[in-house]
Number of protein chains: 2
Amino acid sequence: MGDDDSRTRRRGQELIKAIHDAVLEEVLEVGVGRLTMDGVARRAATPRTTLYRRWSGPVEVLLDALYHQHPVEEPTPGAGDLRGDLVRALRLMVEWAFSPAGRAVAAILTDPKSAALMSDALFEKVFAHRGGTFTRTVLEHYAERGGFPAELLTPVVADIGEALVTKRLIDTGAPPTDEDLVAIVDQAILPAIGLGPRASGA
Amino acid sequence: MGDDDSRTRRRGQELIKAIHDAVLEEVLEVGVGRLTMDGVARRAATPRTTLYRRWSGPVEVLLDALYHQHPVEEPTPGAGDLRGDLVRALRLMVEWAFSPAGRAVAAILTDPKSAALMSDALFEKVFAHRGGTFTRTVLEHYAERGGFPAELLTPVVADIGEALVTKRLIDTGAPPTDEDLVAIVDQAILPAIGLGPRASGA
DNA sequence: GAAATTAGATACACGACTGTAGCTAAGACA
DNA sequence: TGTCTTAGCTACAGTCGTGTATCTAATTTC
């Protein structure tokens, strides 16, 4: 049978994946504005002609890589541990934020020239729902089951956890510890849904 | 007397200011990674030699511009309107975020190559205290005067307002309305310091 | 095995940018 | 007025990246 190891060329999806991986690495090293076809090609160990056959520029390569490597794990809330589920959801968010795709998304969000290249499909898939998919899922789950008054779950409240994690990532560039995540849940999220230390004292 | 209007050349601070303004505009248009000496010079209507006499590259020009154009208004809390003062502080933050310097800071924060060029003085002045200077000032002011229990003012709580505004800015690219700011104060900050609707109902 | 497809390789012309050198002239100062 | 400083101007050589064209050879398909 065909022995894959003897092949010298990559074809089809294997090649595409290598190029996607390469552009996600390259953007981490140089940033969006310094992405070049040359750089991506070099990192992918493929000639530029191969890239130009499919994409017209490096940002398109990057956006395409994001489209295909975006799948993000969603939290799976249980039944009786809101606090624990919130911490786990935030941990999931942090893990994603430090993935190649997560870092690339962060870079694109501040690039003035990327928006013009953004397809509607990609925007819909990657950016439109970027916020609120981690803790919101957990909070909705528990609100539906009467864990706290559902009317307290406003767009602002749904965003608190992720907002604090996002800001922390921007401020320090380092992943928050589990203690940090617990503090965010206890000091900011739970009070906002009426489950803070003051509310339990009543 | 010297008539300023007849001069054909800018000198000293006038020239420096024009260059600073130019680089802050240029970075908004092309992003950090696409900044060039050529582009900045063109926009400042000055030759590159003039830039090279002072700076070795475009990011240095930008960082210098930030160092000198960073002064940010601080909130001036009053005596009896915590809620109003928090909303005003967040409004101040939004105004700064949309200033040329504010936007430049945002761009630099995601550029992989800018950190290496960052002087300690600049980091100290512009970035180290970037978070927590708006609502923290107000919250500390009122905590000291017994407006709410001081022990509730943790680093997490001090960050809530600005975190939510930051995330909103990232998510939409548009300035939050005053209604948005009021919602952030009422739904997230006040509950966290024990002054939410639930606490007053007790 | 032959035909089709396409990955990989090479080359080219061009533009933009870099960094430097050298010069002139405007402006400040004594 | 004379001197000094430096902004503005021009030119240059070199590098990098772009976009394209062409060809060969590896791989897949029939």
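Lettering follows sequence order; numbering is per chain, from 1.
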Listed partners of A/E14 passing side-chain hydrogen bond (donor to acceptor under 3.5 Å, both in side chains), at least two apart:
none

With sequence neighbours left out, what residues match [X] under salt bridge (Lys or Arg N to Asp or Glu O under 4.0 Å)?
X	answer
A/K17	A/D21
A/R54	none
B/D186	B/R83
B/E25	B/R43

Could you write out DNA chain C as dot-bracket? Rules: Watson-Crick or G-U wobble, both distances under 3.5 Å, brackets [ ] for crossings, | for pairs with another strand, dot for unpaired.
||||||||||||||||||||||||||||||

What range of DNA chain C does chain A touch, first nucleotide to last, counting atoms under 4.0 Å from its heavy atoms?
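Range of nucleotides touched by chain A: C/dT5 to C/dT10.
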
For DNA chain D, which nucleotides open and close the run of contacts to chain B, 5' to 3', at under 4.0 angstrom from a non-hydrogen atom?
D/dT5 to D/dT10

Contacts satisfying ring pair (Phe, Tyr, Trp, His ring centres under 6.0 Å) that involve residues 16-50 of chain A (not counting sequence neighbours) are A/H20-A/H68

For residues 87-97 of chain B, which residue pairs qualify under salt bridge (charged side-chain N to carboxylate O under 4.0 Å, His left out), counting only residues two or more places apart or in two chains?
B/D81-B/R88, B/D85-B/R88, B/R91-B/D178

Please list, in numerical order, the residues of residues 39-47 of chain B that have a heavy atom closer than 4.0 Å to any atom of DNA chain D.
B/T46, B/P47

Heavy-atom contacts under 4.0 Å between residues 11-38 of chain A and DNA chain C, which residues?
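Residues of residues 11-38 of chain A under 4.0 Å from DNA chain C: A/R11, A/L15.
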
